[in-house]
Structure formats: structure tokens, C-alpha cells
Amino acid sequence: MFPKNKQNTWFYGIEKLLLSYAMNDTEKIWNGVLSCSFINGSRSELIGKLISFIKILEKWQKKLSKLQYLTYWRSLYSDLVSDFFQNNTKIEKSIQIIQKKWIEIIDDSLSSNYLKKISINILKKIFFYKYYDNNHEIFLPGVVNFCYPDSVCYIPFKVICMIGTDHTSIPKTNYLDNFNLLKKYPLIGDINLYQKYSYLFVQSLSCAEKYFYISYIGYSVKDESKVHPSILVDQLLNYITLNFCFIGDQNLSYKENSKKITKYLCKKHKKQFLYETKNIESFIQDNIKNDFKHTEKNISHKNLLKKNTDNEINLKDLINFWKHPIRYFYNSHLKIKIRQKKQKINTTETFLVNPLNSFKIKNKLLDYIINNKNITKLYQHYLLSGKLPYHFFGEIFWIKNIKEMKLIANKVMQYRIEKEEKKINLNIEKYQIYGVLSEIQSTGLLRWKTSSIRYSDRIALWLEHLIYSILGGCGKSKIIGYKSQIWSFSSLNSHRAHSYLLEYIKGYIKGMKEPLFLTKSGASWLDQVYDERNNCIKNDYYTKIKAYKKLLYTWKGDNYTEGEQEDYYLKKTITISNKKNIKKICESAEKWLIPILKNKDRKKK
């Protein structure tokens, strides 16, 4: 389905790798081929292996694409293994198990006297069906059910008992792991059994309404050797001992607190329980309920982790916080990073540049135009790298963006006289701000971007402008955006800038402890209700309705524009757009964004 051009082939990729090895440099073009990475002598061996691997794939693609008799498929297994795997003791047992299952399938089919040719796809389906034997378990209420953890997803139970949680059972090992090269060379996005079992473990814990009981045999029944619990059990126990203590034990050391809680939570049972038949219900009552009935009264939360009391603040961190306070709160304070949805790989040739690549190309193109670099070479680079669409579509995208970036570049060059850079180290009361201020002109700070100027760009420039003013700068800081859009701040005296910056630092410290509802929706609302001339909030009915409509539009979006409610971090924090949350959003915007609007330079540029 792809257009028949050379760039869509495996062998074009190999040419790029070979060129990279020959030139020992990245991003160089030779004979219409772009080198893609630096390859030294040790990595060059992999190219030869890749070429031979592709040839073997081509050989087997031809073999497996044809219909064959069952006897032909029976003898095929040993050839397949010899082509793709080297014989060694680690995989010998696994090969024998797979071979046995494969021969059983073929022999069962031969016993039916089926004489026609058959596709390998049919045999593959039968093999995987037999290998992954799916048990459809039925759960009954009011009785004890035995099952695997993944069979009871999101089903709450009063008591959940996890049996056999030793280090060999959870995560479970698979005899096919010896074949799994993804496990040896892991990448982001690969199936991770440890993560899967960790998720199931936490899920089981969250589904237990009253009691969660974990059991494993500490010593082998055969030879009395020590058997360790699953790493997940150790991690749970460490978390509890690190963050909780008994009432009155707040001053205990971590080591003593850990010993005390571990002794209370972990119970050793006699070996007779392994051989005697006992009533399960009475066992639960005697060994779980009595032990944990006073737990809530006796244990209190104790965060033993030392909090960061350092008052040194990086300017980049301060700016990143105010651009998106809730995201920064999750990333920095809670140490939670929510991954974006994975992009689907198109099965047909695309005629558009994806948003991320478009953003990168525009920034690079604008930088080349401003600094008088050769944009023809840049075009060849992006074309050969495959980031631009094929033929005319790529040319149209490039020509259009050159026109747009030249408009921005002309405006930038109008104000750009020098490129001064200063390292800063400011003391604002007990806080120390350090970082770098770049592009300092005699007329003030100068910034530019390839897209429209948003509230996050305004607040970033505002914070830099405050520091510039404290350092004695008396110019007007400005940012230039798409279609010659300009936002600038009037000059400030040092004392006033100092008091403003202190408030934003205090807001940063507070926002690190609890989410600050400063959003694009709030900025859209404020732009409608703020009276620039009189420096006040309009309270008339018409303005209020118009402002709330704008807020809800920014929050919910429409068929063409994604609303702010789709932001993963906001979705987890502001779950409902009710009056209470809207009020918080508006109050945050009013408090933190009015100084930006108030100090906007309104004189003609």
C-alpha cells in the first residue's frame, strides 16, 4: 500500500547504517542518503548480522507463504530452530518442550488422514491455543473461591488471601524466557512481567474490603532451605514500616520501628498446618481477624522520609511550575509522570507532518533563518530522514512554513541588536534564585516562538522580566509569536519587581504541597472580564456570561479543538467542572494573572 519509492524499503535503512559506519558522523548527506547515527567498530558487527537476519527472514517468508502437506510442516521445526537459535544448555530444555507440543499437534492432525495442503496460520492458531490454555473460571458468592489474581479484576471481596507468594512464583518465570531477546535487551513499551504482577498485586490489595492475607512457605519442606518471599511482599512491608508507626512511637528510629511493625504483621505458623486439614473459615477468623481488629486504633501515619528544606530554587523550575502548576506538582512532589497515549503506526503513507515533528521543524527552521544558515541543507536533511511527506506534499509544507517563519524572523531581527547572557544568583528574603537570562538587549529581554502566544508564555516572560528588573534592567521585555503577534511588559522599578517575585516564589512553595488551580481556562475567563483601562474586574451580567462561556469552551473544547479537560494531570485533579472548581479556577487566575495584565505595555510597538 506504500508508494514504490526507495525510502520505504529495508535495504534503504541498511544503506543509511552502512553510510553512518563509513562516515563516522551523524546527519551527513552523501549520494542522496542521510547518515543516521554514529557507529563504531563494535556496533558495526550488528549491521552484518542485521543483513543476514533479513536474508533469513526473506527465505522463511517464501517457505511459510505457501500451502504444504502436514508431513512437510512436521519436519520444518528443526530447520527453523537451527536458523534462528544457537544450541546451548540454557534453551535445550525449552526447545524440547516446544518441539514435543508441535509434533503432538501434527501427529493428531495426521491421525485424521487429512491429505490436503494446509496453511501454517492454521497450525499456528492451534499451537497458541494449546499453549495458552485459557481456563474460564466461575465465581460463586458466599463460598471460598480459588483462582489466579488476574481472574478477579476489580471484584471486591471481604477477605483476599494470596497463597504461595515466594520469589519464584510472583513474578512467575516462563520457560520461553530463554528465547525472549526482548527480556535481554529491554525497551520502553515492551511487555514487562514484573510490572504486570506488581499491578495485579496492588489491584488485589485494593479489592480487599476488610482483610488482605499473604502466605508463603519460609522453608522448603524437602531440605529445610530458606525460601524468600516475593519482592512485592518485601516492598509492601518496607513501605508500611517507612510510613507508619504505632501511636506513641513517633520518635523511634527507622530500624526499631521496622522491627516492631514487622513482628506485629508477620506471623509464623507451625508445619502441622501443611499436613493437617483445617476448616478454612475458622482459620481466617482465628489468625487474621483477631490480629488486625485493633490495627486502625494502634497505628498512625508517620512519614519518615526527610522533606527537602533547601531554599535554593532554579529559575527553570520556577518557570516550569508556573507554566503548568498541577503537572509540576505531580511530577516533582508526587514523583508521578503520566505517559501520553502511544501513537498508532500508520499502515498507509501519511501526507501530513505529525504535530510534534511540525513543532521541531518550525523551531529549527526559524533558528536557521534568524542566524542566516543554509535552509536548503536543512530541507534535504528532513526530506531524507522521512519526517517530511513524500514528494509534493513535503514541498508544500516546507514552502508554507518558510513564509511564516520569515515573517517572525523579520520581526525578531527588528528588535535583536545583541545577544547578551547573564548568570543570576539572587537572594529574595530566605530564598536563593539561580539560573541564566539569555537574549538580553539594551531595550529589554527578547523572546520568540513559532506558534501563538499563550498564557504559559506570558507568565514565563513575566518571571524573567521581574528578575531582569531586579538586576537593574529598565527596558521592556517582549515575546514575538505567530503572525507577528507581540506581547510585552512595561519597565518596572527594582523594589516593585522584588515584591512581585517574592509572591510568586511563595506561590511556588505552596503549590508544591497542594495543587494550584491555575489553568488555560482561567486565563481565558480573565481575558474577558478584566478591564485594562480601569484595572478592575467587570461585574456586569453580559460580561460574566461571556466570560464563563469562554472558560467552558476552553475547558471542554469542540469537534476541532481538544479541550483542557483532556489534559491527563487536570483530569486526575479536577474530576468535575462544578461551581466549586470553577470558582477555584477563577480565583487562581485573578490572583496570579492580573499582575501580568496590569503591567502589559499598551503603547504602540
Side-chain angles (χ1 to χ4, degrees), residues 45-46 48-65 68-111 118-136 147-151 163-201 216-217 220-223 225 227-232:
E45 295 176 11
L46 295 174
K49 290 178 180 180
L50 176 62
I51 294 168
S52 62
F53 176 66
I54 292 169
K55 286 180 179 178
I56 293 170
L57 285 178
E58 189 180 10
K59 166 190 165 183
W60 280 96
Q61 191 270 336
K62 289 175 182 177
K63 277 190 175 185
L64 300 177
S65 61
Q68 299 289 352
Y69 294 110
L70 285 166
T71 50
Y72 177 85
W73 294 128
R74 193 181 192 277
S75 61
L76 203 68
Y77 175 79
S78 57
D79 295 337
L80 184 70
V81 171
S82 63
D83 271 0
F84 288 101
F85 300 97
Q86 290 182 345
N87 289 328
N88 58 63
T89 52
K90 287 184 179 180
I91 67 169
E92 188 177 356
K93 189 177 179 181
S94 303
I95 287 173
Q96 289 172 359
I97 293 169
I98 298 169
Q99 187 172 13
K100 186 181 175 182
K101 285 182 175 288
W102 180 258
I103 290 170
E104 281 177 4
I105 291 167
I106 303 296
D107 288 346
D108 288 345
S109 303
L110 286 170
S111 63
I118 194 170
S119 168
I120 189 67
N121 292 326
I122 296 170
L123 295 173
K124 187 180 77 172
K125 284 180 182 177
I126 297 168
F127 177 80
F128 283 114
Y129 179 78
K130 287 200 172 187
Y131 175 68
Y132 299 107
D133 188 17
N134 298 317
N135 294 319
H136 300 285
C147 61
Y148 290 102
D150 55 352
S151 304
I163 302 169
T165 55
D166 59 82
H167 68 282
T168 59
S169 300
I170 298 178
K172 191 184 288 185
T173 54
N174 193 325
Y175 69 81
L176 285 179
D177 282 346
N178 292 321
F179 288 98
N180 191 357
L181 295 179
L182 294 179
K183 190 173 182 182
K184 192 176 179 182
Y185 308 104
L187 292 172
I188 295 170
D190 292 343
I191 294 171
N192 190 320
L193 281 177
Y194 174 74
Q195 288 181 353
K196 176 188 172 185
Y197 277 93
S198 300
Y199 178 76
L200 288 171
F201 186 79
Y216 72 96
I217 299 171
S220 173
V221 181
K222 293 179 181 178
D223 56 6
S225 61
V227 178
H228 295 280
S230 167
I231 188 172
L232 302 178

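Because the structure is a prediction, the values reported are computed rather than measured.
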| field | Within-4.5 Å side-chain heavy-atom neighbours: Tyr77 and Ile103 | value | no
| field | Lys63 atom NZ: more than 12 heavy-atom contacts under 6.0 Å | value | yes
| said: Within the structure provided, determine whether Leu110 and Thr71 are in side-chain contact (heavy-atom separation under 4.5 Å). | reply: yes
| query | Less than 4.5 Å apart, any side-chain heavy atom of Leu70 and any of Ser109? | reply | yes
| Between CG on residue Asp108 and CD1 on residue Ile105, distance to nearest 0.5 Å | 8.0 Å
| Heavy-atom side-chain proximity of Asp83 to Lys59 below 4.5 angstrom | yes
| said: I want to check something: taking the side chain as every heavy atom from C-beta on, are Ile98 and Val81 in contact at a cut-off of under 4.5 Å? | reply: no
| request: Would you indicate whether the side-chain heavy atoms of Trp73 and Leu64 approach each other to under 4.5 Å? | output: yes
| message | Quick one: does any side-chain atom of His167 pair with a main-chain N or O of Pro229 as donor and acceptor, under 3.5 Å? | response | no
| task | Would you give the length of the straight line joining atom CD1 of Ile106 to atom CD1 of Ile126, rounded to the nearest 0.5 angstrom? | result | 8.0 Å
| Separation between OG of Ser94 and CD of Gln99, rounded to the nearest 0.5 Å | 12.5 Å
| task | Quick one: sort the Phe84 and Trp60 rings into parallel, tilted or perpendicular, breaks at 30° and 60°. | result | tilted
| Partners meeting side-chain hydrogen bond (donor to acceptor under 3.5 Å, both in side chains) with Lys196 (sequence neighbours left out) | none
| field | Audit row: Leu232, Ser198, side chain to side chain contact (heavy atoms under 4.5 Å, CB included) steps and yes/no | value | CA-CA 7 Å; Leu232 302 178; Ser198 300; 3.2 Å; yes
| Does the side chain of Arg74 come within less than 4.5 Å of Asp107's, by heavy atoms? | yes
| remark: dist Tyr72:OH -> Ile120:CD1 (nearest 0.5 Å) comes out at 9.5 Å
| query | Hey, does Trp102 have a side-chain heavy atom less than 4.5 Å from the side chain of Leu76? | reply | no
